Amino acid sequence: MQQEATIYGGEPNPLDTRGLCLLSLDGGGVRGLSSLYILKSIMDRLNHERKETKLPPVKPCEVFDLIGGTSTGGLIAIMLGRLEMDVDKCIDAYSGLAATVFGEKLSSIPFNLRGKTTARFDSATLKSAIEKVIEDSGACQEDLFNDGIERGCRTFVCTADRHTKDIVRLRSYSLSYESNISTTICQAALATSAATTFFEPVSIGNRSFADGGLGANNPVDEVEGEASNIWCPETGELKPQVKCFISIGTGNPGKKPFEDNLFKFIGKTVVQIATETENTEQKFIARWSKHFDEKRYFRLNVEQGLQEIGLEEYKKKGAIEAATEGYLKHTAQKFRVRDCIKNMRLKESVYLEDFS
């Protein structure tokens with residue numbers, strides 16, 4: 001059953017064809033693969049409908065006006081938005097990156113004898129792996145994240161300033177009334193993924209950054225704020241312009257008590273705090289309840305099966321895929337994805353050329 005455009009004075013409702021489509025991607029280490037499997041299901045079904053009507057397939061960067069992410073979600077946002085990958089290519093690239101980066105630990109203990117946190121994985125390996133992904137996509141290692149080229153799909157990633165602990169947005173575009181930090185694609189990817197106890201902080205100019213997981217692991221509020229900055233900076237009236245807002249998680253982390261043991265606290269509780277995303281979600285739905293009821297806002301996040309998979313356990317790709325597949329097979333999720341496709345079907349290309 002296809003959704004028909006609402007007719008206003010003989011013309012389609014502009015919201016149906018040109019309303020904003022926004023994508024928010026959570027952090028969560030290798031469980032970011034779950035986000036990609038969910039997005040693949042959405043894009044595959046959307047492109048199936050397009051094929052039925054003799055239209056060519058589209059990539060996420062041709063559908064979404066804005067993609068924002070934190071940590072692993074930030075890496076994926078860069079691949080999909082700035083590097084303009086399709087989802088299948090992104091899954092391959094991300095899987096290879098995870099295997100390379102998490103293949104060998106520097107240390108099993110997240111702090112040294114002086115009590116300072118230390119990186120358990122090699123930041124140089126992460127940098128080399130990201131550079132390879134960039135080059136394989138056809139870009140260059142030195143390319144700027146914001147290279148001055150206006151793209152239909154805007155991309156930003158969240159990172160945390162280590163001096164102020166504030167969440168900072170690194171952008172692939174400029175906003176005249178916001179501070180714009182100049183970074184390469186690689187620097188932006190490193191800054192959003194430099195998780196405390198996993199990798200070393202990242203220096204950009206005179207500033208130092210770590211990943212934004214402790215402040216915006218579910219970046220849905222950041223995506224909302226950024227979209228308001230772009231499209232309605234003076235009024236803040238974003239909601240009437242939004243056609244489809246999709247937030248994708250990396251699996252519900254469950255609820256566990258704080259650990260009393262120092263080793264366990266740093267190794268487990270801090271990670272749990274960073275990956276706790278559902279409280280953010282509940283508050284967001286309360287604010288966007290009308291869009292939720294009208295099936296214009298969607299939260300997709302595997303509820304069971306990913307709780308015990310560590311952020312670095314790249315060898316559990318099969319378990320991540322199985323849990324995500326089981327989640328998507330549930331009738332409730334099938335209906336939600338169906339509604340999502342109905343919502344996006346009439347969206348025109350975010351680029352100047354037409355979809356067709």
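For clarity, every value in this text was computed on a predicted model and none was experimentally measured.
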Are any side-chain N or O atoms of [X] and backbone N or O atoms of [Y], one a donor and one an acceptor, separated by less than 3.5 Å?
| X | Y | answer |
| --- | --- | --- |
| R50 | P56 | yes |
| T159 | A191 | yes |
| S35 | G249 | yes |
| R336 | F298 | no |
| T192 | A189 | no |
| Y37 | E325 | no |
| T155 | S172 | no |
| K243 | N343 | yes |
| K59 | E84 | yes |
| D161 | I167 | no |

Between [Y] and [X], does any NZ, NE, NH1 or NH2 come within less than 4.0 Å of an OD or OE carboxylate oxygen?
| X | Y | answer |
| --- | --- | --- |
| K347 | D65 | yes |
| R171 | E226 | yes |
| E131 | K127 | yes |

How about [X] and [Y]: do any of their side-chain heavy atoms sit closer than 4.5 Å?
| X | Y | answer |
| --- | --- | --- |
| L80 | F64 | no |
| F209 | T183 | no |
| L23 | L39 | yes |
| R151 | R82 | yes |
| M344 | I42 | yes |
| R299 | N218 | yes |
| R31 | V302 | no |
| Q333 | L300 | yes |

message: Please enumerate all residues that pass salt bridge (Lys or Arg N to Asp or Glu O under 4.0 Å) together with K315, with sequence neighbours excluded.
response: none
- request: Dump the intermediate steps for side chain to side chain donor-acceptor pair (under 3.5 Å) on S174 and N146, then the final yes or no.
  value: CA-CA 7 Å; S174 297; N146 176 12; 2.7 Å; yes
Considering all heavy atoms, the nearest [X]-[Y] contact:
| X | Y | value |
| --- | --- | --- |
| G225 | R169 | C-NH1, 3.7 Å |
| S41 | V337 | OG-CG1, 4.3 Å |
| T250 | L306 | O-CD1, 3.5 Å |
| Y327 | N301 | OH-N, 3.0 Å |
| V87 | P60 | CG2-CG, 3.7 Å |
| I320 | V30 | CD1-O, 3.7 Å |

message: Tell me if the NZ atom of K132 is crowded by more than 12 foreign heavy atoms within 6.0 Å.
response: no
- prompt: If you count the non-hydrogen atoms of other residues, nucleotides and ligands that lie under 6.0 Å from CZ in R162, is the total more than 12?
  reply: no
- request: Evaluate the salt bridge (charged side-chain N to carboxylate O under 4.0 Å, His left out) criterion for residues R45 and E49: first the C-alpha distance (whole Å), next the side-chain angles of each, then the deciding distance (0.1 Å), finally the verdict.
  value: CA-CA 6 Å; R45 288 178 63 174; E49 286 213 5; over 6 Å; no
Linking I/L/V/M/F/W/Y whenever their side-chain heavy atoms sit closer than 4.5 Å, directly or via other members, would [X] and [Y] fall into one cluster?
| X | Y | answer |
| --- | --- | --- |
| L22 | L175 | yes |
| M43 | L328 | yes |
| F156 | Y177 | yes |
| I230 | L238 | yes |
| I38 | V58 | yes |

Measure the spacing between [atom1] of [X] and [atom2] of [Y] and express it to the nearest 0.5 Å.
| X | Y | atom1 | atom2 | answer |
| --- | --- | --- | --- | --- |
| F335 | K295 | CZ | NZ | 9.0 Å |
| C90 | I76 | SG | CD1 | 5.5 Å |
| C186 | Q141 | SG | CD | 7.0 Å |
| L75 | M79 | CG | CE | 5.5 Å |
| R296 | K342 | CZ | NZ | 15.5 Å |
| E222 | N217 | CD | CG | 11.5 Å |

query: Would T53 and R345 satisfy side-chain contact (heavy atoms from CB on, under 4.5 Å), going step by step from the backbone distance to the final call?
result: CA-CA 11 Å; T53 54; R345 185 179 64 84; 5.6 Å; no
task: Just do the side-chain contact (heavy atoms from CB on, under 4.5 Å) check on L66 and Y173 with the steps written out, would you?
output: CA-CA 11 Å; L66 178 67; Y173 49 93; 3.8 Å; yes
field: Of I134, V133, D147, L190, the residue whose pairing with I185 passes side chain to side chain contact (heavy atoms under 4.5 Å, CB included)
entry: I134
task: Applying side-chain contact (heavy atoms from CB on, under 4.5 Å), run through Y297 and V242 and close with a yes or a no.
output: CA-CA 9 Å; Y297 172 73; V242 174; over 6 Å; no
task: For the pair E321 and K317, evaluate salt bridge (charged side-chain N to carboxylate O under 4.0 Å, His left out) and give the outcome as yes or no after the intermediate values.
output: CA-CA 6 Å; E321 185 173 0; K317 178 180 176 180; 6.0 Å; no
